[in-house]
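So the structure is just underneath, and the comments pick up after that.
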There are 2 protein chains.
Amino acid sequence: MFFLKELPTKAMLDKYTSALTNHEKNSIAEAFSIMRQASLLVRSINTHFSANNLSQLRFLILIVIDREPDRTSLYAHEIASRLDVSRPVLTRTLKRLIEEGLLISTHDETDKRAKNISLTKKGMTCLSKVLPGYFNEINKLMK
Amino acid sequence: MFFLKELPTKAMLDKYTSALTNHEKNSIAEAFSIMRQASLLVRSINTHFSANNLSQLRFLILIVIDREPDRTSLYAHEIASRLDVSRPVLTRTLKRLIEEGLLISTHDETDKRAKNISLTKKGMTCLSKVLPGYFNEINKLMK
DNA sequence: GAATTATGGTTACCATGGTAACTATATTTA
DNA sequence: TAAATATAGTTACCATGGTAACCATAATTC
């Protein structure tokens, strides 16, 4: 998502930011650094995930359900409110996770629009299988 | 690309990282923070770009050509070597930028495989039009 | 110099992100 | 309580990321 292998040098940046203050130039250099670091993190995390048939979003959906205190399910709109992703993408991703047996969806009696989503055994197993490698990947790159 | 709105609290993290050292836990918390910050940056930058019919990658392609000292063109494989993106994606994106008149491609006489890519007037105009807002978006979010 | 390997680039296909426009049900308001 | 608005979720469509497999040309090796 930030695909520049070599971050611009200060001199390079100056070519484009002559009108900015030094403070602004530093902020921009820092932003580049953050975006590049995050890109590398996301890259290697995604590699780990796809080896386990997951993705960032698929993983996060499982996690937000699992981590919810005192509950074993969430409404789709609650998942949506915790994740910064568009509704159609969430709909599709939930659909796939349900098809693959990682989640199950039940209808709500009081609100017929709502869908109640919970982890299956398979979903929980998947999560616990992927978590150690996930933290491991992060730690490798944060050194 | 990291879609968790609220980063996990330390207590939350403990649920999943009990086997890790404190140093590792801190690294992970920092990684989350970096990924989240980068996501927000990329979000707003992309919004700015798409209002100008660009994207991160389209922008970076233009920039790496423009910033190259002493040259006005790059071979496609040189662009590829500067950007961390797969070759097919680069091929397609270059194709679109050429169709839209931001880039032109010429064949190389000595290596018949290679494509020489340079910015058109329109490409340069596009770049200079988008740059101030780009830095501005970054600075807004880095505060 | 023919065969092999490496390099530059493309095609085909899929996953995953977005927006716009939609349906269905709940809620609010007049 | 009928009409208007808000909320939950979906569908259709497109942009942009990836990998695998491929073609064409160059470079290397035997």
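Below, read A as the first sequence line, B as the second, and so on, with proteins coming before strands; counting in each chain starts at 1. The basis for the numbers below is simple: all heavy atoms, side chains too, and nothing from hydrogens, waters or symmetry mates.
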Distance check needed: [N] [atom2] versus [X] [atom1], whole Å only.
X       : N      : atom1 : atom2 : value
B/Leu74 : C/dG9  : CG    : P     : 11 Å
B/Ile45 : C/dG18 : CD1   : C1'   : 17 Å
B/Phe2  : C/dG17 : CZ    : P     : 13 Å
B/Asn52 : D/dA15 : CG    : P     : 17 Å
B/Leu94 : C/dT11 : CG    : P     : 13 Å
A/Asn46 : C/dG17 : CG    : P     : 9 Å

Report all side-chain donor-acceptor pairs from residues 7-15 of chain A shorter than 3.5 Å, counting only partners two or more places apart or in another chain.
from    : atom 1 : to      : atom 2 : distance (Å)
A/Thr9  : OG1    : A/Met12 : N      : 3.0
A/Lys10 : NZ     : A/Asn26 : OD1    : 3.2
A/Asp14 : OD1    : A/Lys25 : NZ     : 3.0
A/Lys15 : NZ     : B/Asp66 : O      : 3.0
A/Lys15 : NZ     : B/Asp66 : OD2    : 3.4

Exercise answer: donor-acceptor pairs, residues 123-130 of chain A side-chain atoms, under 3.5 Å, sequence neighbours excluded:
from     : atom 1 : to       : atom 2 : distance (Å)
A/Thr125 : OG1    : A/Lys121 : O      : 2.8
A/Ser128 : OG     : A/Met124 : O      : 3.2
A/Ser128 : OG     : A/Thr125 : O      : 3.0

Side chain of B/Ser86 only, heavy atoms from C-beta on: which candidate in C/dG9, D/dT19, C/dT25 is closest? D/dT19
Taking N or O atoms only and anything under 3.5 Å, show me the protein contacts with nucleotides 2-8 of chain C, one pair per line.
from  : atom 1 : to       : atom 2 : distance (Å)
C/dT7 : O2     : B/Arg113 : NH1    : 2.4

So, with a heavy-atom separation below 4.0 Å from DNA chain C, the residues of residues 56-70 of chain A are A/Leu57, A/Arg58
B/Val42 and A/Met35: which non-hydrogen atoms are nearest, and at how many Å? CG2-SD, 3.9 Å
Counterpart residues, salt bridge (charged side-chain N to carboxylate O under 4.0 Å, His left out), relative to B/Lys122 (two or more places apart): none
Select from A/Arg96 and A/Thr110 the residue whose nearest nucleotide in DNA chain C is closer to the 5' end of that strand. A/Arg96
With distance as the sole criterion, do the side chain of A/Arg92 and the base of C/dG17 form a donor-acceptor contact below 3.5 Å? yes
Taking ring pair (Phe, Tyr, Trp, His ring centres under 6.0 Å) as the definition, give me every residue that meets it alongside B/Tyr134, ordered by chain and number, with sequence neighbours left out. B/Phe49, B/Phe59
